[in-house]
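Have a look at the structure below, then the notes.
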Amino acid sequence: MVRFKRRYLVVEVVPESGYIRMNTLHKAVLEAVKRLHGDFGVGAVIPGFGVKYINPETSLAFISTGRGPHRLVASALPFITEVGGRPATVRSLHRAASMRHGFIFLKKYNEEKLKQLEEQLPPREREQLQKEKRKTLGAR
Amino acid sequence: MKLARGFCDLNISATDTDLKKTLLKALSLGYQTLAVNREVTDTFAPHQKGKKRKKDDFPVVLPPPKVSLTKEELDRHGISREPVILTRITITYADPGSAFLSKFRNNIKQYDIVAFTPTTDSALKQTVSQTLVDVDIIALGPEERGTRFARKLLRLAVERNIYFELSYGPCITNSTRRQQTITLAHILHHSFRSANIIITSQTNSVLYHLRAREGLSKDYLCGVQQTPNNLALKKLPMPEVQDCPYLHFLEDRTWDLLAVRTLAWVPVLWTSE
């Protein structure tokens, strides 16, 4: 029996302005794959390809592809200059074998980002933020 | 019973007016076994079930075309080997409850090769599991149904020795068809490791007919990997092609090449040129 294995690419899509939608990202990635790898690339990538998750606030997205063709997608991502008609860049952060592992990475990544942002805040605001965190998440 | 010999192309679309010309051209390109394809489409859709079908709603299934090539015609085109001309019918249908198959069963059985193009999941299920007509080939059309095929059904088809077809003819001119064919090749490879696949031309223009020895390029187009010791060709159900000498020849060799298990290109590998 042959199992269809997938890979989930965790990417950060940074548009110049506004928010990115799933279908526009989907189209932009396929266009990039077509530009770099031609009809073969698009044909190979389509089974199992999709944008599974997008967070407009953090600009993070999950792109799922089949295992094997995921290399074609990963190699095409840096060449995306436009998403939905607006200038944007796409940065790969992680490659996961399942959505669950992708979300585990995402959680760690977001916590680290939050820590970095906290350190940049003035002390008073930092204290306030930590108070809010304790209130929301409970004591750790 | 006609036995296949040499290079095969099991899907030559030709109208009745230029059939001979197309066949002679294909034979002069190196093919020895050809199957002339006749297409029949049952346009009755499942959502029309409530309506009663009139006699005229059924498509007509004509008897197989008869082609005879004289020795002079063969000599004029430089064809030295005796050709084997088979007849093939490709039935496209969507409604599994349609009485079309039982109505025209006798006409369909007159053809050497029977191929189906089911356009819905239920039609695919019926194609694989029905016993009215022996199905040899399933020609899936991704442009009609998208890329989602029930893998269970595809595997069941392989167990029943039904073959899947990939056509290169439409890929030559149309970019969208090219992408769709490559997608289909990948889906078939994921489903059952491309066990039962044949590559055919499906072209009615002599311009786009590849030479028989250009078979390798067709395989790189599909990009499906082959393992040396798993040749599905030995298990061909069609009596016409089972005794093809090239099939037995392959069993002894081991090699490593990016290719699809096919009927058409197999002899290419063993040509010493």
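Small disclaimer: the values here were computed from a predicted structure and weren't measured. Letters A, B, ... mirror the listed sequences (proteins, then strands); counts begin at 1.
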State whether the number of non-hydrogen atoms from other residues, nucleotides or ligands found under 6.0 Å of A:E118 atom CD is greater than 12. yes

Heavy-atom count check: over 12 atoms from other residues, nucleotides or ligands less than 6.0 Å from A:R21 CZ? no

Should we count CG of B:D134 as having more than 12 external heavy atoms under 6.0 Å? no

So CD1 of A:I46 and CG of B:L184: to nearest 0.5 Å the spacing works out to 12.0 Å

Do B:H186 and A:F4 make the cut of ring centroids closer than 6.0 angstrom? no

Just so I know, are the side chains of B:S175 and A:K34 near enough to count as touching, which here means a heavy-atom distance under 4.5 Å? yes

Taking atom CZ of A:R86 as the centre, report whether more than 12 heavy atoms of other residues, nucleotides or ligands fall under 6.0 Å from it. yes

Distance (rounded to the nearest 0.5 Å) between B:T181 OG1 and A:F40 CZ: 13.0 Å

